[in-house]
Amino acid sequence: MGTAHKRKAERHAIQNRELSWLAFNRRVQQEADNPDNPLLERAKFLAIVTSNLDEFVQVRYQRIYQAAKEGKKFGGVAGHTLYRRVNRELLRQNNAQYLLYEGIRSELYLQGVRLYPTFSLDEDHIRREKALFEKEIRPFLKVEPLRDSRPRQKQLYLLVKLTRPRHKAGPFYLVGLPTALPRLFDLSKTKGEQCLIRVEDVVKHYLHRLFPKDQVEHAAVFRIIRNQNFPVEERTGDDIVPAVREMLAHRLGGEVMRLEAEERMSEEMLTLLMQRFGLERERRYRVTGPLDLNRMLMNLYAQVKRPELKYPPAQPVERNELMGRDAFEQIDRRDWLLYHPYHSFAPVVHLMKLAAQDPTVRAIRQTLYRVSGNSPIVAALAQAAENGKEVQVLFEAHARFDEENNLYWGERLARAGCHVMYGLPNMKTHSKITLFEREVDGQTRREVHLGTGNYHDGTARLYTDFGLLTADPVLTSDAVAFFKGLETGGAEALDELVTAPDLLAPTLLDLIEREREHALAGRSARIVAKMNSLSDKAIIKALLSAGRAGVEIDLIVRGICCVIPEIEGVSDNIHVRSIVGRHLEHARAFVFENGGQREVYLSSADWMPRNLYRRVELMFPVKDAALARAVENVLFLQWNDTEKARRRLADGAYLLSPRHAGGFNAQETLLRDVEGVFAGRYVERAPGAQAHGCAGEDKSDE
């Protein structure tokens with residue numbers, strides 16, 4: 001294949017990032033339409049779709065819009081072409097959202113859960129509603145003239161037109177519905193059914209109480225979504241916090257990217273809002289149901305206490321060996337691998353609490369990207385500092401939409417005596433690492449936790465992530481050097497930990513090239529890689545080259561995947577699966593066959609430009625043979641999933657396996673028997689095991 005022809009062929013095998021992102025959201029939306037999922041879980045998937053679309057508009061849309069205005073390319077596609085395709089896809093997904101919502105609402109009705117206006121308000125309902133309005137809602141409402149208002153993004157507003165206003169401000173007023181208010185209120189009278197009404201409907205019914213001297217002609221709900229993607233530039237570490245606070249202030253007045261309004265809103269009012277925010281028609285959307293399905297349906301999920309309409313509760317496996325006072329000694333004896341949420345996150349929290357109290361612990365060093373609102377990890381760090389231990393924390397200030405939370409907790413830790421850094425200038429620290437340093441019998445001992453996911457006890461129950469606990473002398477020495485580099489701002493020489501932005505991309509390219517050379521020499525060559533997203537062009541081109549040389553490449557990519565597999569003569573040997581199910585697939589794990597000397601790595605980084613070149617990330621080897629096989633067995637199981645894994649085709653579409661008896665669901669299997677999966681118990685039983693297995697046939701226990 002000539003160079004020019006090869007480049008042309010490769011272009012067909014690389015998809016635009018934005019379109020791939022939206023295609024992933026479509027897969028999530030399909031789960032809202034999947035009758036095999038419990039009804040309230042389908043509602044939850046629908047909520048997640050809305051949240052994802054909101055984030056896309058907040059973070060990605062402005063650059064697409066700008067490229068279209070300036071006539072430039074964006075992600076390899078002409079800006080105006082991409083802008084049209086994105087708007088068309090947003091419209092398609094929004095329309096599907098409300099069709100699915102109506103179906104779910106109808107099914108809820110049959111289950112005794114009624115959403116207004118599927119029930120009529122009788123006198124008892126009206127009495128309850130009036131009390132709700134006066135006591136729980138009205139004190140939080142903000143009424144102001146439209147001309148003086150500055151609507152906040154994603155907040156719901158009622159735009160009200162007064163027929164005979166007695167105000168100089170004119171006929172149009174906004175009633176802001178604060179985000180602190182619930183979206184749904186329960187008007188139920190008996191235990192046999194639930195009657196839920198939206199806050200905006202309650203306020204509509206009592207607008208005359210807000211405008212007692214005027215006549216309300218028309219009122220309808222709307223919300224806006226503003227651009228939230230603002231660059232943050234710092235020259236030194238001291239600039240980080242002020243720069244982040246300045247960026248947060250910019251977000252409040254970000255350009256309006258999208259206007260969503262009730263279908264019943266008059267054209268006069270809709271035009272008025274479009275003029276106010278400077279919007280073209282393609283950036284407005286008339287909603288055929290409740291606005292902001294994310295908050296509403298998440299509220300619904302929490303309020304409806306019907307276990308039979310949700311996933312059965314699952315109990316994670318407890319690693320009791322790691323829950324005692326000898327947990328550090330257990331790690332000194334052997335490496336441990338945790339796979340959340342199938343393994344409990346409790347051992348990680350326990351280690352932090354133990355380290356805060358254990359007199360042998362001298363120092364704790366940790367990177368934090370996202371934590372829960374009342375984090376036990378943060379509490380343990382503060383306690384450790386108060387107990388006189390050296391605590392070094394890099395609390396990333398740039399974690400998108402968690403900036404304020406991280407600055408708050410960082411300040412709390414600093415007051416407790418921790419040495420807190422907020423990141424490196426113009427570089428996010430996304431690595432997941434904790435180093436414990438102890439003094440035992442006059443000798444220094446070190447243990448390290450390395451993970452693929454955040455130290456967030458909440459998401460650890462929902463996201464799948466690996467965590468490795470080890471006292472390996474090379475990895476712990478590397479961890480010491482890594483933290484020293486964070487503190488000094490310089491890269492330290494490491495032996496086995498691979499860091500971004502310096503070495504991760506070159507190392508991955510070398511590993512892919514090594515597989516290519518093995519294939520050309522007739523040796524066994526294979527790559528199995530699991531991640532959230534794949535969009536780096538250099539990595540994709542290396543994979544395409546390796547695949548053409550004969551390397552079998554199996555990719556398990558949940559979200560963005562810019563490589564199109566199985567194109568004849570271009571990507572024949574590349575195969576892609578995407579799993580969307582009960583748990584969000586968040587782990588990053590890579591297996592390189594290496595001519596039979598297989599190597600297994602875990603990482604905090606996806607194969608995206610931001611992770612490889614603009615973040616501090618870590619990739620680390622799984623050196624214990626049994627644990628490496630456990631990772632392979634997990635990937636094997638997921639590759640052979642026939643219920644939630646969608647296969648990507650040569651035309652770029654994703655195909656879910658036809659439903660049949662005896663289907664194989666990797667997540668449910670892991671929930672039932674994660675230790676069995678680790679031991680390889682399902683290697684021979686999984687569909688397609690002989691044809692396309694990931695792991696060896698070893699069945700030894702961990």
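Throughout, residue positions are numbered sequentially from 1 according to the sequence presented.
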Residue pair Asn87 / Tyr61, side-chain donor-acceptor N/O under 3.5 Å: yes
Heavy-atom side-chain contact between Cys561 and Tyr654 under 4.5 Å: yes
Quick test of your reading of the model: are Lys644 and Glu31 salt-bridged, counting only N-O distances below 4.0 Å? yes
Using modelled atom types and a 3.5 Å cut-off, is there a donor and acceptor pairing between side-chain atoms of Ser603 and backbone atoms of Ala605? yes
Under the 3.5 angstrom rule, does the side chain of Gln93 hit a backbone N or O of Leu22 as a donor-acceptor pair? yes
What residues, two or more places apart in sequence or in another chain, satisfy side chain to side chain contact (heavy atoms under 4.5 Å, CB included) together with Arg264? Lys204, His218, Ala220, Glu262
So, Glu200 and Arg183, do they make that salt bridge, N to O below 4.0 Å? yes
If we ignore hydrogens and angles and just use 3.5 Å, is the side chain of Asp641 paired with the main-chain N or O of Ala645 as donor and acceptor? yes
Is there side-chain contact between Pro341 and His583, with at least one heavy-atom pair below 4.5 Å? yes
Tell me whether Asn95 contacts the main-chain N or O of Arg92 through its side chain, where contact means a donor paired with an acceptor under 3.5 Å. no
Pairing of Asp606 and Arg588 as salt bridge, 4.0 angstrom limit: yes
May I ask you to test the Val175-Tyr157 pair for a side-chain heavy-atom distance under 4.5 Å? no
Sequence neighbours excluded, which residues qualify as ring-ring contact (aromatic ring centres under 6.0 Å, His included) partners of Phe466? Tyr339
So do Pro501 and Leu612 actually touch side chain to side chain, heavy atoms under 4.5 Å? no
Show the numbers, then the answer: is there a salt bridge (Lys or Arg N to Asp or Glu O under 4.0 Å) between Glu404 and Arg251? CA-CA 12 Å; Glu404 288 183 278; Arg251 279 186 182 168; over 6 Å; no
Looking at OH of Tyr301 and NZ of Lys44, how far apart are the two atoms once the value is rounded to the nearest 0.5 Å? 4.0 Å
Using a distance-only test with no angle check, is there a side-chain donor-acceptor pair under 3.5 angstrom linking Gln58 and Arg400? no
Evaluate Gln15 against Arg648 for side chain to side chain donor-acceptor pair (under 3.5 Å), listing each step before the verdict. CA-CA 12 Å; Gln15 186 185 26; Arg648 191 166 209 196; 2.5 Å; yes
Note, Ile567 side chain near Asp572 side chain (heavy atom, < 4.5 Å): no
Tyr83 side chain to Gln66 backbone, donor-acceptor under 3.5 Å: no
Please determine if Arg577 forms a cation-pi arrangement with Trp639, meaning its NZ or CZ atom is less than 6.0 Å from the six-membered ring centre and no more than 45° off the ring axis. yes
Is a salt bridge present between Arg647 and Glu566, judged by a nitrogen-to-oxygen distance below 4.0 Å? yes
Salt bridge check, Arg63 against Glu18: does any charged N sit closer than 4.0 Å to a carboxylate O? no
Do Tyr101 and Leu46 come close enough that some side-chain heavy atom pair is under 4.5 Å? yes
Is any side-chain N of the basic residue among Lys69 and Glu280 closer than 4.0 Å to the acidic one's carboxylate O? no
With sequence neighbours left out, the residues meeting ring-ring contact (aromatic ring centres under 6.0 Å, His included) with Tyr422 are none
Okay, side chain of Thr459, backbone of Leu462: is any donor-acceptor separation there less than 3.5 Å? no
Less than 3.5 Å apart, any donor N or O on the side chain of Ser578 or Arg27 sitting next to an acceptor on the other? yes
Using atom types as modelled and distance alone, determine if a side-chain donor or acceptor of Ser375 lies under 3.5 Å from a backbone N or O of Ile377. yes
If we check side chain to side chain contact (heavy atoms under 4.5 Å, CB included) with Trp607, which of these qualifies: Ile560, Leu543, Val557, Val563? Leu543
Is the number of heavy atoms from other residues, nucleotides or ligands within 6.0 Å of CD (Glu70) greater than 12? yes
Answer yes if the side chains of Asn532 and Arg558 hold a donor-acceptor pair under 3.5 Å, and no otherwise. yes
What do you reckon, is OH of Tyr463 surrounded by more than 12 foreign heavy atoms closer than 6.0 Å? no
I'd like to know whether His586 forms a side chain to side chain donor-acceptor pair (under 3.5 Å) with Asp465, so could you lay out the CA-CA distance, the side-chain angles of the two residues, the decisive distance to 0.1 Å, and finally the verdict. CA-CA 6 Å; His586 193 257; Asp465 273 304; 2.9 Å; yes
Would you please say whether a donor-acceptor pair under 3.5 Å links the side chains of Glu585 and Gln638? yes
Are a donor atom and an acceptor atom from the side chains of Thr179 and Gln155 found within less than 3.5 Å of each other? no
Residues in ring-ring contact (aromatic ring centres under 6.0 Å, His included) contact with Phe277, at least two apart in sequence or another chain: none
Decide whether Gln228 and Glu55 meet the rule of one side-chain donor and one side-chain acceptor closer than 3.5 Å. no
Taking atom CZ of Arg284 as the centre, does the number of heavy atoms from other residues, nucleotides or ligands within less than 6.0 Å exceed 12? yes
Do side-chain atoms of Arg286 reach the backbone of Leu270 as a donor and acceptor pair under 3.5 angstrom? no
I would like to know whether Asn405 and Trp409 meet side chain to side chain donor-acceptor pair (under 3.5 Å); could you show each step before the answer? CA-CA 6 Å; Asn405 187 55; Trp409 286 114; 3.1 Å; yes
When you check the side-chain N and O atoms of Glu617 and His430, is any donor under 3.5 Å from an acceptor? yes
Between the main-chain N or O of Glu267 and the side-chain N or O of Thr271, is there a donor-acceptor pair closer than 3.5 Å? yes
Would you kindly check if the NZ (Lys) or CZ (Arg) of Arg283 is within the cone defined by 45 degrees around the ring axis of Tyr65 and under 6.0 Å from the six-membered ring centre? yes
Test item: Asn34 and Asn37 side chains (from C-beta on) under 4.5 Å apart, heavy atoms: yes
For the side chain of Asn299 and the backbone of Asn294, is there at least one donor-acceptor N/O pair under 3.5 Å apart? no
Quick one: side-chain hydrogen bond (donor to acceptor under 3.5 Å, both in side chains) partners of Arg17, sequence neighbours excluded? none
Are Gln97 and Gln29 close enough that a side-chain donor and a side-chain acceptor fall under 3.5 Å? yes
Who are the ring-ring contact (aromatic ring centres under 6.0 Å, His included) partners of Phe24, not counting sequence neighbours? none
Taking the side chain as everything from C-beta on, heavy atoms only, tell me whether Leu602 gets closer than 4.5 Å to Phe590. no
SB check Glu260 Arg223 (cutoff 4.0 Å): yes
Just to verify, which of Asp554, Leu544, Ile564 counts as forming a side chain to side chain contact (heavy atoms under 4.5 Å, CB included) with Ile574? Leu544
